[in-house]
Protein chains: 2
Amino acid sequence: MHKGKITIHDISKELGIDSSTVSRALNNSPRVSKKTKEKISAKAKELGYQRNSLASKLRTNKTHTIGVIIPRISRHFFASAIAGIEETAYDAGYDVIICQSLDSYEREQKLIETLLANRVDGIIISISMETTNYNHLDRYKANGFPMIFFDRPCETEKNTNVIIDDFQASFEVTEHLIFNGYKNIVHFSGPQTNLLYQNRCKGYKAALKKHKYPIRKEYIIESKLMEEDGIENAKKALNLPNVDAIYSANDMAAISAMQYLKSQNIKIPEQIAFAGFSNEPVSAVIEPSLTTVNQPSFEMGKVATNILFDQLNNNTRENKTTILEPTLIIRNSSSKTNNN
Amino acid sequence: MHKGKITIHDISKELGIDSSTVSRALNNSPRVSKKTKEKISAKAKELGYQRNSLASKLRTNKTHTIGVIIPRISRHFFASAIAGIEETAYDAGYDVIICQSLDSYEREQKLIETLLANRVDGIIISISMETTNYNHLDRYKANGFPMIFFDRPCETEKNTNVIIDDFQASFEVTEHLIFNGYKNIVHFSGPQTNLLYQNRCKGYKAALKKHKYPIRKEYIIESKLMEEDGIENAKKALNLPNVDAIYSANDMAAISAMQYLKSQNIKIPEQIAFAGFSNEPVSAVIEPSLTTVNQPSFEMGKVATNILFDQLNNNTRENKTTILEPTLIIRNSSSKTNNN
DNA sequence: CTGTTAGCGCTTTCAC
DNA sequence: GTGAAAGCGCTAACAG
């Protein structure tokens, strides 16, 4: 019986082979004979040897691990992005550590510290909505630590971002509503702390402007990304005159708003048409007529990871911004038929 | 300028203080004077010192990290359980590594290897649906490595499990349907590889038996936990005569089945009543009349983590099974009114 | 093909 | 209150 963990030295002693050879064998070095390898791996299995990655990582100064920080895993968009990240990473022999910031700046900061203390090789991050200054990031970027931002852009000139063209997508979905006869389009926006919601808001305004529709401040309803917000948003929208369409740039608000409207027996899209950003499969279930801009979440994850690997392998750190194409999903014709 | 990472030795040299003192100071040891501590932490900040957790963990043989393996983060139940785990762990100063098995046995095995190689202090796991033998777990449990199973029970006599009483919950929801006048209740079940779905199935049968209703094999429809399965399930159910209620023990199947039925304009619950397990908030949105058994996912996470900490702190490994109470949510009266 | 040796960055006795 | 020295488990020159 052995107390504590088995090390290569235990194998070494039992076999009378030096621990360096054991190490090489276990790493499948070509410089060890097949016979020795077999003996060693047999003994390793017998003793229940379990490699100590910490020691290995410390020694080699390589962890083969990437850190991922996202607001919440429960959001479909992020869960799907993670799937893309993991697939790409695992294929390349990398491990992935997933962390949630819960959209808290403080937590985000701590997570970055922890990931760096654990010497991850790079970080893929979608910054929290509370994050308005980037001091906690600049320090590491200055040292050439690879950081890839996705979904929520971060100073696009100075960083590597993987995003969609939020302005354009927002413009198109708004115009889609206009083409279908809707005039009084409420916009549910998100926290204006981040470029993402700023750009979506700009796209909405630009579409209105192009078609010479008025831009009314009270028609732009801002909120956080919480489920509760949707109900508030819906109530506010109902208090406005003549609303015939809602374009929500914010999944959470959209879904819970629809839920609320339904519970009040306010039908969608007969009285109100919904359109908006959403990767939540639920939205289609709640309202099959919903028009949505689906972001390529899985692909985003893959692309971000590949860019990170590029940077790691070629030791480059260029700050390019990659823009992916979203998909406008028009589930059925939701034209406005009655002109009241 | 310094190339590479700053270590305590860099601070030590710059200050002419031994690295052991630097280490003590950085760990806030009471055996270092306040003045020295201040000097050291100032210099650390100045140099951009970033502690190397790997070295620390290797040396102390303590990682203050727990591993969590769940099938998928995108499932609301698991995302919520993770929230409970993280909250408890962070409060205790522990880090959490989240991994998804994607319900693959092979992947689960590898993840366990990786977590153990990284010397996590314990693992909280909800085993994959493909997992039918526990060899990959027994080896570590035999060594006294702490493993807490939750949601999906694993050999309850031999392990520490945190579960709900699936039999009882299933019995109650089935009986609830019976009390409301439903007679021909289809049961959507999950993979029979795991006790969980076995027990839910038994509960269903027991309720029928108690009320002297026939148990018909074709009324029990088994499937995996995939979204696609729901559609198949729904089709199968529609082919059966006289179905007036469906009790799904499987969230995914339930949701996509409802989605399918809706798309076919088959109304719920007028022709068919649904009831079942679900922590997905969406279910309430899709069908406000749905009766569901909600599992205390967040609490499960907290409880599992606390049990793990108990075992770690008191160095005990008793195999008790903790049974939590689910909530039967009856959203509105879904009695069968017409007796056709 | 295998052994010797040094050291990754940190903590922790043991001295003083 | 601080320093000296050893070592966690592993890998990687360098020899032979």
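- Counting non-hydrogen atoms under 4.0 angstrom, Ser56(B) reaches the backbone sugars and phosphates but no base.
- Comparing dG9(C), dT2(D), dC10(D) against the side chain of Val32(B) picks out dT2(D) as the nearest.
- At dC10(D), none of the side-chain N or O atoms of Ser23(A) fall inside 4.0 Å of OP1 or OP2 (strictly under the cut-off).
- Checking side-chain atoms of Thr88(B) against main-chain N and O of Gly84(B) turns up a donor-acceptor pair under 3.5 Å.
- Taking for each of Leu58(B) and Arg31(B) the nucleotide of DNA chain D with the nearest heavy atom, the 5'-most of the two is the partner of Arg31(B).
- Nucleic acid contact class of Ser33(B) (heavy atoms, under 4.0 Å, all strands): sugar-phosphate only.
- For Lys57(A) and dC10(C), the NZ to P distance is 17 Å, given to the nearest whole Å.
- Following rounding to the nearest Å, Leu116(A) (CG) and dG9(C) (P) show an atom-to-atom distance of 15 Å.
- For Asn61(B) and Thr36(B), each mapped to the nucleotide of DNA chain D holding its nearest heavy atom, the one lying further toward the 5' end belongs to Thr36(B).
- In this structure, the CD1 atom of Ile11(A) is 14 Å from the P atom of dG3(C), given to the nearest Å.
- For the pair Tyr49(B) and Pro30(A), nearest-nucleotide mapping onto DNA chain C gives the more 5' position to Pro30(A).
- Residue-level contact check: Arg24(B) touches the bases, meaning some heavy atom is under 4.0 Å from a base atom.
- No engagement by Leu54(A) is indicated, since no non-hydrogen atom pair under 4.0 Å with the nucleic acid exists.
- Protein atom CG of Asp18(A) is 14 Å distant from nucleotide atom C1' of dG9(D), rounded to whole Å.
- Taking atom CG on Asn28(B) and atom C1' on dG1(D), their separation rounds to 15 Å, with Å as the unit.
- Ionic pairing of Glu86(B) and Arg107(A) is present here: one or more N-O contacts between side-chain nitrogen and carboxylate oxygen are shorter than 4.0 angstrom.
- Between the NZ atom of Lys62(A) and the P atom of dG9(D) there is a distance of 25 Å, rounded to whole Å.
- One finds no salt bridge joining Glu38(B) and Lys34(B) here, because no Lys/Arg side-chain nitrogen approaches an Asp/Glu carboxylate oxygen to under 4.0 Å.
- Look at CG on Asn118(B): it is 15 Å from P on dG9(D), rounded to the nearest Å.
- At a cut-off of 3.5 Å, with distance as the only test, a side-chain donor of Thr131(B) or Ser128(B) sits close to an acceptor on the other residue.
- Within 4.0 Å (heavy atoms only), Asn52(B) reaches sugar-phosphate atoms of the nucleic acid but no base atom.
- As rounded to whole Å, 13 Å separates atom P of dG9(D) from atom CD of Gln50(A).
- Contact annotation: Thr21(B) side-chain N/O to dG3(D) OP1/OP2 distance is under 4.0 Å.
- A side-chain donor-acceptor contact under 3.5 Å links Ser297(B) and Ser80(B).
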